[in-house]
Amino acid sequence: MNRLTTSGAGYDLARFPEDPRDPFRAWDAADEYLLRRLEGTDESAPVDLSGAVVVVGDRWGALSTVLAGHRPVQITDSYLAQRATLANLDRNGVDADAVRLLSARDTPPDRIDVLLVRVPKSLALLEDQLHRLAPAVHAGTVVIGTGMVKEIHTSTLKLFERIIGPTRTSLAVKKARLIFCTPDPALARTPSPWPHRYDLPEGVGPVSGRTVTNHAGIFCAERLDIGTRFFLGHLPARSGPDRVVDLGCGNGVVGLSAALANPEATVTFIDESYQAVASAEETFRANAGPDAKADFVVGDGLAQLPPASVDLVLNNPPFHSHQATTDATARNMFHGARAALRQGGELWVVGNRHLGYHTQLRRTFGNCTTVAGDPKFVVLRAVKR
Ligand SMILES: C[S@@+](CC[C@H](N)C(=O)[O-])C[C@H]1O[C@@H](n2cnc3c(N)ncnc32)[C@H](O)[C@@H]1O
């Protein structure tokens, strides 16, 4: 846990799940820059926060916690960000209902007077969110984006220009930048181009040629990932009323493959992204027969499943954010899988060879075999004994 100090107060903040080995703070220079701008600087007056304040994409709830006195609405696609926000509010003695938590899939508020956007890593998610929020923005809405310089591109600014109105940026401070956007009510409203759909290639088992649905911001929303493709070629052949989990399901292509291969299975699709779980559900409903059984869960790994209730976990762990964080996520997923599996149940994992998941699996399960490999990827199997 670290302490964020603003001119008004200090806040104890942590990421979620809190990991004492995690060296990363729950906020960065982009959050600090935005908070300073809201308070007012030598050159600018404080921003009037007395109206409806909406905070989009707050990574770990730092902005929402500091602004809790203004009863903001927080909109995020991340379940972990929501949990971080609740934990941070609690840590600072603020009632949970001070911040209204909405997911990226919920209907946004009707009217927004102050729109604060922490630029997300995914341009697609920003595009979709701005389209959804534009009808609630009026000529007097203060719109301020924030991000690290490396996260803000010409394409980012063009999205604000095209969907909300004229846009300019601030000077960079501590490698962070603000985006100032003036709503133009005369701008023609266009619908969000999301979700995207694409057809899977041939030669990927039961899902060959199927159409998958991808809501904005999810992993590999434009085409099949090459690691996932390798996984689809080496999934276990099983029969009977298995309980299968597609852990970190993205658009659900792995779980769909398991369901099509074994019509008696019940597949639980889990992801921490609301957009991913919605994508998986639409992909499943469009492709699995009416008798196919499935559950759809937004959550942190397998935390919401009862212990010893699952026969098979299929997992392509996340690998994109900070190395330390993603290692921790894979580690948590493997531990969660061990707890959720029945005796004799199996965890199948695909990963880049260099990530060394076999070491972690051997540590967690006491065993690990390589089912398949190519120069880039391995599919690993660990059994709960
Ligand atoms: C590499 S992608 C795999 C997606 C999909 N299974 C595929 O193979 O195309 C990893 C997924 O894990 C999800 N994820 C990350 N952290 C998670 C967590 N703590 N709990 C559940 N899902 C998580 C991400 O949102 C992402 O969709």
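Just so you know, ligand 1 is whichever comes first in the structure, and atom 1 is the first atom listed for that ligand.
Using bins of under 30°, 30° to 60° and over 60° for the plane-to-plane angle, the ring pair W194/H196 lands in the parallel bin. Below 30°, between 30° and 60°, or above 60°: for F296 and F269 the angle between ring planes is below 30°, a parallel geometry.
Residue V99 comes nearest to S64 through the heavy atom pair CG2-O, 3.8 Å, listed as atom of the first residue, atom of the second, then distance. P206 and L260 get closest at one heavy-atom pair: O-CD1, 3.5 Å. Scanning both residues, H358 and L380, for their nearest heavy atoms gives N-CD1, 3.5 Å.
Nearest protein heavy-atom contact of atom 8 (O) of ligand 1 is T228 OG1, 2.8 Å. Ranking protein heavy atoms by distance to atom 12 (O) of ligand 1, first place goes to G248 CA, 3.4 Å. Annotation: atom 15 (C) of ligand 1 to nearest protein heavy atom, P318 CG, 3.5 Å. Closest protein heavy atom to atom 22 (N) of ligand 1: E272 N, 3.2 Å. D300 OD1, 2.8 Å is the protein heavy atom nearest to atom 19 (N) of ligand 1. Protein heavy atom at the shortest distance from atom 20 (N) of ligand 1 is G301 N, 2.8 Å. D271 OD2, 2.6 Å is the protein heavy atom nearest to atom 27 (O) of ligand 1. Of the protein's non-hydrogen atoms, M333 CE, 3.5 Å is the one closest to atom 23 (C) of ligand 1.
Atom CZ of residue F377 and atom CZ of residue R353 lie 10.5 Å apart, to the nearest 0.5 angstrom. Atom CZ of F284 is separated from atom CG of D246 by 11.0 Å, given to the nearest 0.5 angstrom. In this structure, NZ in K384 is found 6.5 Å from CG in L341, a value given to the nearest 0.5 Å.
Residue contacts with ligand 1, taken as heavy atom pairs separated by less than 4.0 Å, involve C249 solely via the backbone atoms N, CA, C and O. The part of T329 lying near ligand 1 is the side chain, judged by heavy-atom distances below 4.0 Å.
The closest heavy-atom contact to atom 3 (C) of ligand 1, among the options I218, N316, V350, comes from N316.
When each of T211, T213, N214, L200 is paired with T283, the side chain to side chain contact (heavy atoms under 4.5 Å, CB included) condition holds for T213 and for no other. When each of D58, D28, D77 is paired with R118, the salt bridge (charged side-chain N to carboxylate O under 4.0 Å, His left out) condition holds for D28 and for no other.
Ligand 1 lies nowhere less than 4.0 angstrom from a heavy atom belonging to G227. Ligand 1 is never approached by G255 to a heavy-atom distance shorter than 4.0 Å. For C220, the closest heavy-atom approach to ligand 1 does not fall below 4.0 Å.
Less than 4.0 angstrom separates some heavy atom of G299 from each of these atoms of ligand 1: 20 (N), 21 (C).
Checked by distance only, ligand 1 and I270 stay at 3.5 Å or farther apart across all their nitrogen or oxygen atoms. In terms of polar-atom proximity, D225 is not counted as a contact of ligand 1, lacking any N or O under 3.5 Å from an N or O of the ligand. At under 3.5 Å, not a single nitrogen or oxygen of F319, backbone or side chain, sits near a nitrogen or oxygen of ligand 1.
Side-chain atoms of Q343 and R385 include no donor-acceptor pair closer than 3.5 Å.
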